[in-house]
Amino acid sequence: MLTSNIIKGVTKGFPLGITPTKVEVKEVDFNPTFIVKTLTKIDYSALYQAANDVGHAEGLPEKLEDDVKENEDLLKKLHNALLQVEVIEGELVCPESGRKFPISNGIPNMLLLENEVENVTQ
Amino acid sequence: MAARNSISPQIEPMKRYLIQFAHEHLDFRVQEIRSILSLIGCQGIMKEKDLSDGSPFMEVELSSETVAKALMQRTVLSKRLYELWGEGTSVYDINTQIKQLPKEILEPYTSENSSFRIVVETFNKKLSTLEKISRIEKLTEPDSIFYGPIKLNCPDYSFHLLEFYHFDGTSQPASEPSKVYFGRWIADGQRARIQQYHLQKRHFIANTSMDACLSMVMANLGQIKDSDFVFDPFVGSGSLLVACAHYGAYVAGTDIDFLLLHARAKPSRAKQKTRSRNESVRSNLQQYGFESRYIDVLVADASRHKMWREGSQFDAIVTDPPYGIRESAARIANVENAKVKSLENGAQRYPQKTQYQLGDIFRDLLNFAAQFLIKGGRLVYWLPIYKPDYQESNIPQHPCLEVESNCEQPLNSTISRRLITMVKTGEFKGPESHGEQKASIAVDHYQCETFRQKYFKATEMEANEKEKGGPPSSSNSYS
C-alpha cells in the first residue's frame, strides 16, 4: 500500500482510489526506523483513504499527531497498512478521469491504452 | 596527516593496512572502497599507485581495526585485509622490518600463548611447497619475533607473506618479486556472497540479469544502507534489488514488460520450456529471506514520469537500462491521431511499443533521478560505450546531479560499458517551471548510429580480424 501513496494518475489524479477484489495481509518484519522515515514522505490522508478503500483502516487515526514516533502501537498499525496489507487483485481508480488501472497478482499495470496515449504526452 | 592533526586533534593517527583484491573488475576496485569508506563515515588514504603495474595489493591507511573490519563487511571486490607489518622486495627485507616493530604491535599476537601460522601467497608465479617452507622457516628462525606455537588449523592469529611478480602478459613473469608484503590477517571481504547469490541458483532470471558480484558493487557505489528506499525503473528479474535488499534496503521497481513480470515471458534458461507461475521479483527476494524488504513492482513505462506523485523520494536509484542488444529498449509509442482499436472480443489493446533511443533513455533517467531522489541520494547506472568514439562529454548531465565515479567494464576490444554513479547535489525546483533544469548530453554517443548498430559493426569487424588471426574476443553478457 506504500506504493499507492507514491503513484498517481497521469495528470492530477492523486490519490488513486482502490477497488480491491482480493486483499492479503503478509507477515513483514516490523522496522520502526523505516516507518518513521516513510511517514515524513507520504501523504497521510491518502494513506488513510487507501486503508479505508481496502478495509484495513481499523485503529488508524484520521490525522497523525506529532508524537507518532513514540507511539509504538500506532507505528505497528501504520506498518501493517503500509507494508503488510497488499492488494492482490483489484483496480486502482484515477479520481479525476475515472480511468482504472488493473492490479493482477499483486502487480499494478500503469500502462495506458492506445487511444489514451496522445492525450497525455507533454 | 601531521598538518591535519595540529588543526583538529580528534583525528586518530592512521595505521597501515593492506588490501588484497580479487583480480576482476579492476577499474571498480578503488571506487568501491572509496564509496564504502564514505558510507561508513571514515577516512582512508589509498595508495592507488600500488595497483598500477597489475598488482592486486594496495596499501591503505585507516584509523582503526574496527574501520578495517567494517570495510570488509561490505566489499565484494576485496579478498582479504591485513595489518601491514612489512613491505619490500624480499623475505630478507620483511625479516629486518618486523624485528624492528614496536612491542605494542608485536606482543599481543606473538607471545608464547598465541598460536599462529604463516600463509605464503604469490601472484603471477607458483611456488613449490619446498620454496614456501623455506620462506616460512626464514621468518620463524630461532631469533624471530614469534614465540608461540605453530598451528596450521584454526590458529589464534594468521600471518600472510604475499609476493607479487611483475608480468606484462607477453614473456615470462619476472623471476624475482617486485613487491613482498607481510601482514597480520584481519578480515575477509564478501567474496563468498557471490556464490550465495549466484544467478545459477536464482529462482527467476531474465535475459540480462546482472551477476551477483556486479550487483553488489552497484549497491556499494549506491551506498545502500539499512532502511533505505531503493528504486529500479528497469527492474527485470530484480537482481539489483536483491543486492540492495541484502544491505537492508526496501525495494521497488517498474518494468514495461508485462509478460516478464507475470512470469509469462519466454524462459531465459536453456532447456526450460515454460516459466513457472511463481517466477517473480518477489520470489527472488523470498529466496534469500528478504521478503520483508519487498515494496512493489509495477508494469509501467520508465519514460513517463507523471505517474509519480511529486516529492516522493528515493534514497537511491540503481538500474541497468536496456541497451537494445539482448533486451530491446522500448517505450509506449506516441502515436499521432491514434485510433481507438477495440479487439473483436471487446478486449482492450495496449499501444504498440516503439524503439526507445538510448540517448533519450539516459536523459529521462537523469530527469527522473533529479526529481525523485533525496538530496545526497545516488543514481547508479550502466552506460554502454563504443570505445573508439567514447569521450567524457558522452556522459549525460543534469544541473542537480554530479558525477561521483565512472568505472569501465571492457566487454570486448571495442565495446565496453561504464558504471556511472551520480549524487544529487542540487535542489530540484519543479518539473515545469524551470526548463533549464533538464538533463543533457553534450555529445550524444548514439546520435548517428544506435548502440545496436555500433555493436554489431564492431562484433563483425572483430570476427573478420579473428579470421586473420587477430586478438580473440571475450564473451560477456549485456542488456
Side-chain angles (χ1 to χ4, degrees), chain A residues 1-16 24 26-38 40-43 46-47 79 82-88 92 94 99-122, chain B residues 226-229 231 248-250 252 254-258 261-264 277-278 280-282 289-301 303-315 331-342 348-354 372 374:
Chain A
M1 288 236 303
L2 171 53
T3 313
S4 78
N5 210 286
I6 57 176
I7 57 176
K8 63 175 180 63
V10 268
T11 43
K12 257 201 202 112
F14 183 83
L16 293 164
E24 277 177 19
K26 311 239 166 184
E27 186 82 27
V28 173
D29 303 336
F30 176 58
N31 174 0
T33 321
F34 183 69
I35 302 300
V36 170
K37 202 174 124 179
T38 304
T40 63
K41 297 185 201 166
I42 62 165
D43 176 337
L47 175 69
H79 159 76
L82 283 166
L83 299 177
Q84 302 205 130
V85 176
E86 190 172 336
V87 179
I88 304 296
L92 294 168
C94 174
R99 165 74 166 91
K100 289 172 180 161
F101 300 94
I103 303 171
S104 65
N105 211 2
I107 304 174
N109 185 350
M110 303 305 290
L111 295 182
L112 294 167
L113 295 173
E114 197 158 88
N115 55 328
E116 296 168 318
V117 173
E118 57 174 340
N119 305 328
V120 296
T121 45
Q122 273 88 51
Chain B
D226 193 54
S227 297
D228 273 359
F229 189 12
F231 181 71
Y250 289 79
T254 61
D255 206 294
I256 200 167
D257 193 341
F258 177 91
L261 292 186
H262 285 277
R264 285 182 214 152
R277 288 292 291 149
N278 61 353
S280 65
V281 175
R282 180 196 281 274
F290 301 143
E291 208 196 351
S292 286
R293 307 280 149 167
Y294 176 86
I295 299 290
D296 248 319
V297 161
L298 299 93
V299 181
D301 181 346
S303 72
R304 291 175 195 277
H305 302 158
K306 285 182 178 170
M307 67 173 269
W308 302 97
R309 175 167 71 90
E310 281 94 53
S312 11
Q313 291 177 323
F314 303 111
D315 295 289
R331 67 171 171 191
I332 297 304
N334 182 15
V335 195
E336 274 177 53
N337 304 319
K339 286 172 201 147
V340 182
K341 284 183 189 163
S342 297
Q348 291 169 312
R349 187 178 188 281
Y350 286 96
Q352 69 184 98
K353 294 170 188 170
T354 177
F372 295 106
I374 60 158

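Chain letters run A, B, ... following the sequence lines, proteins first and then strands; every chain starts at 1. Computed from a predicted model, the values in this text were never measured in an experiment.
- The salt bridge (charged side-chain N to carboxylate O under 4.0 Å, His left out) test applied to Asp29(A) returns no partner, not counting sequence neighbours.
- Residues Val297(B) and Pro108(A) approach most closely at O-CD, 3.4 Å, considering heavy atoms.
- Distance CG/Leu83(A) to CG/Asp296(B): 10.0 Å, rounded to 0.5 Å.
- From Ile374(B), atom CD1 reaches atom OG1 of Thr40(A) across 9.5 Å, with rounding to the nearest 0.5 Å.
- A distance of 8.0 Å separates CD1 in Ile42(A) from CZ in Arg309(B), rounded to the nearest 0.5 Å.
- Interatomic distance, Lys26(A) NZ to Ser292(B) OG, rounded to the nearest 0.5 Å: 11.5 Å.
- Heavy atoms only, all atoms of each residue included: Gln313(B) and Lys41(A) are closest at O-NZ, 2.8 Å.
- Note on ring orientation: taking the six-membered ring where Trp is involved, the planes of Phe229(B) and Phe34(A) are perpendicular (angle over 60°, cut-offs 30° and 60°).
- Side-chain contact between Lys37(A) and Asp315(B): present, with at least one pair of heavy atoms (C-beta onward) separated by less than 4.5 Å.
- Taking OG from Ser280(B) and CD1 from Ile107(A), the interatomic distance works out to 6.5 Å, rounded to the nearest 0.5 Å.
- Side chains of Asn31(A) and Tyr250(B) form a contact here, defined as non-hydrogen atoms less than 4.5 Å apart.
- Note that the CD atom of Glu86(A) and the CD1 atom of Ile295(B) stand 10.0 Å from one another [nearest 0.5 Å].
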